[in-house]
Amino acid sequence: MSGTNDLNDRDLFQRSLDRVRHAASHAHIDPETLVRLSLPRRVLEVAIPVRMDDGSLKVFRGYRVQYDDSRGPFKGGIRFHPSVDLAEVKSLALWMALKCAVVDIPFGGGKGGVEVDPRDLSHAEVERLARGYVRAIADVIGVDRDVPAPDVYTNARTMAWMADEYSTLMRRLEPGVITGKPVGRGGSLGRDDATARGGYYVLEEIGRQRNWQPAEIRVAIQGFGNAGQHAARLLHADGYRVVAVSDSRGGVYVPEGLDVPAMIAHKRDQRALPAVGTAITNEELLALDVDVLVPAALEDQLTAANAADVKAAVVVELANGPTTAEADRILHGKGTLVVPDVLANAGGVTVSWFEWLQNRSGSYWVLDEVHDKLRATMRQQFEIVHARMTADDIPMRDAAYAVALERLGAALTAGGTAADFQPRQAERQRVAAGAKG
Ligand code: NAD
């Protein structure tokens, strides 16, 4: 197959479900698991009116999707982005259900989004939007129901506004209803870089298996926000050669390696990447001659149209859904190891769980404790997924999905399946005789 057909015919949610069904053939689950996972439990679409700074009124469209809560409260970030739509939010919510099962934490899957480009809004307008969104979804969230967190173009400050709005509505403090809050407002130490750190711990394991010398390993990172910047910082500090990074406007490439701390400082102060090395497009970044490629921006970046050009031996998906199914097949065929999003970026939700635990107990952990527990979780689950991949000789995504589906299956079918509800033989005969008489 060639071209970009893999993006055209079915929407992101349908394609996401197709991949779950495909991976299910490797999972030891009752068919009812998939039946139950074929639709989200609840979809909420809301209108959020916002008074703009110039006095005008704008109404933004928002969503909260609650996919599955069989293993624990719904859990998932809130995205503020112009291309947010229902198919995307449903996919992200389904992936959260799988992700929480992959790292075996007691949460289900949810996600939220608002169709907006927050870069066009003032801080005060974003605050009004964030608070309006929480008022619109307040009836369905809660510390034991559904726990939001940050995602693309939302951050710790956005979470502070949202948690504050929720407390105001409920007339009591309930910090555990939202994670990713600033440390001074009930956030956990180590939540800021947890997504990247989880991926970094996984890459450490792969490096160990492959006998890597970090100084020889060239890394390209697409997306220079929370996930991308922290990944660059951690890898650079560990001696890896981060040769290219990009943001929504394009990227830069320095084959000898970038001065990552300077890049981060420039991006923070100027809200743009510095003009160093060679300017490249996001498309060119994906095809660079590197050892590790880290998509850390949006979905559907590696497709049938460009997967064959990828030169990296390892792709670490810090973004959610950056690789299409067809790209997966091409990369697998070339021997590229794709560490799937549901494992690679699960450090974020893992430390969100730590934050929720700390909020509920009122006892707060030191940074080392967060890092030690995160590393232990990521290593343990990486080993389980890796062993499954090797034993069944399947791509790592299918292995991660299979592990997740088995854990979800145990919860979803705990009340019994069709096999448990067959009438007993004697009853069947009585029913049959009764029907005749
Ligand atoms: P962010 O808002 O902090 O950063 C997003 C980055 O992507 C920015 O640098 C932006 O310029 C860049 N970007 C936007 N559009 C782009 C495009 N078309 N091409 C290239 N770059 C583009 O968001 P984030 O929290 O870092 O999220 C990035 C990815 O990581 C998303 O897929 C998100 O779902 C995933 N993720 C985030 C977390 C988390 O805890 N923040 C957890 C798990 C997964």
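Only heavy atoms go into these numbers, but all of them, side chains included; no hydrogens, no water, no symmetry mates. We count ligands from 1, going down the list as the structure has it; atoms in each ligand are counted the same way. Being a predicted model, the structure only gives us computed values, none of them experimental.
- With a heavy-atom cut-off of 4.0 Å, R119 does not touch ligand 1 at all.
- Looking at D151 next to ligand 1, an N or O pair under 3.5 Å apart turns up.
- Polar contact with ligand 1: absent for T154 (N/O pair, distance under 3.5 Å).
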Given the rule in the side chain to side chain donor-acceptor pair (under 3.5 Å) test, do E283 and N306 qualify, once you have shown the distances and angles that lead to the verdict?
CA-CA 8 Å; E283 196 64 23; N306 61 14; 2.9 Å; yes
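- The shortest N or O to N or O distance between K99 and ligand 1 is not below 3.5 Å.
- With contacts defined as side-chain heavy-atom distances shorter than 4.5 Å, the pair N359/F354 does not qualify.
- For ligand 1, the polar-atom distance check against N226 finds a nitrogen or oxygen pair separated by under 3.5 Å.
- Residue-to-ligand polar distances keep G348 apart from ligand 1: every N/O pair is separated by 3.5 Å or more.
- Taking any N or O of R191, backbone or side chain, at least one lies under 3.5 Å from an N or O belonging to ligand 1.
- Of the N or O atoms in G228, none lie within a sub-3.5 Å distance of an N or O in ligand 1.
- Closest to atom 4 (O) of ligand 1, if we only count protein heavy atoms, is G225 CA, 3.2 Å.
- With hydrogens and angles left out, the side-chain atoms of Y153 and N226 include no donor and acceptor closer than 3.5 Å.
- Annotation: A227 places an N or O atom under 3.5 Å from an N or O atom of ligand 1; distance criterion only.
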Evaluate the side chain to side chain donor-acceptor pair (under 3.5 Å) criterion for residues D164 and S167: first the C-alpha distance (whole Å), next the side-chain angles of each, then the deciding distance (0.1 Å), finally the verdict.
CA-CA 5 Å; D164 183 65; S167 295; 5.9 Å; no
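- With distances taken over non-hydrogen atoms, the option nearest atom 20 (C) of ligand 1 out of N320, N282, D192, V349 is N282.
- Considering backbone and side-chain N/O atoms, F224 comes within less than 3.5 Å of an N/O atom of ligand 1.
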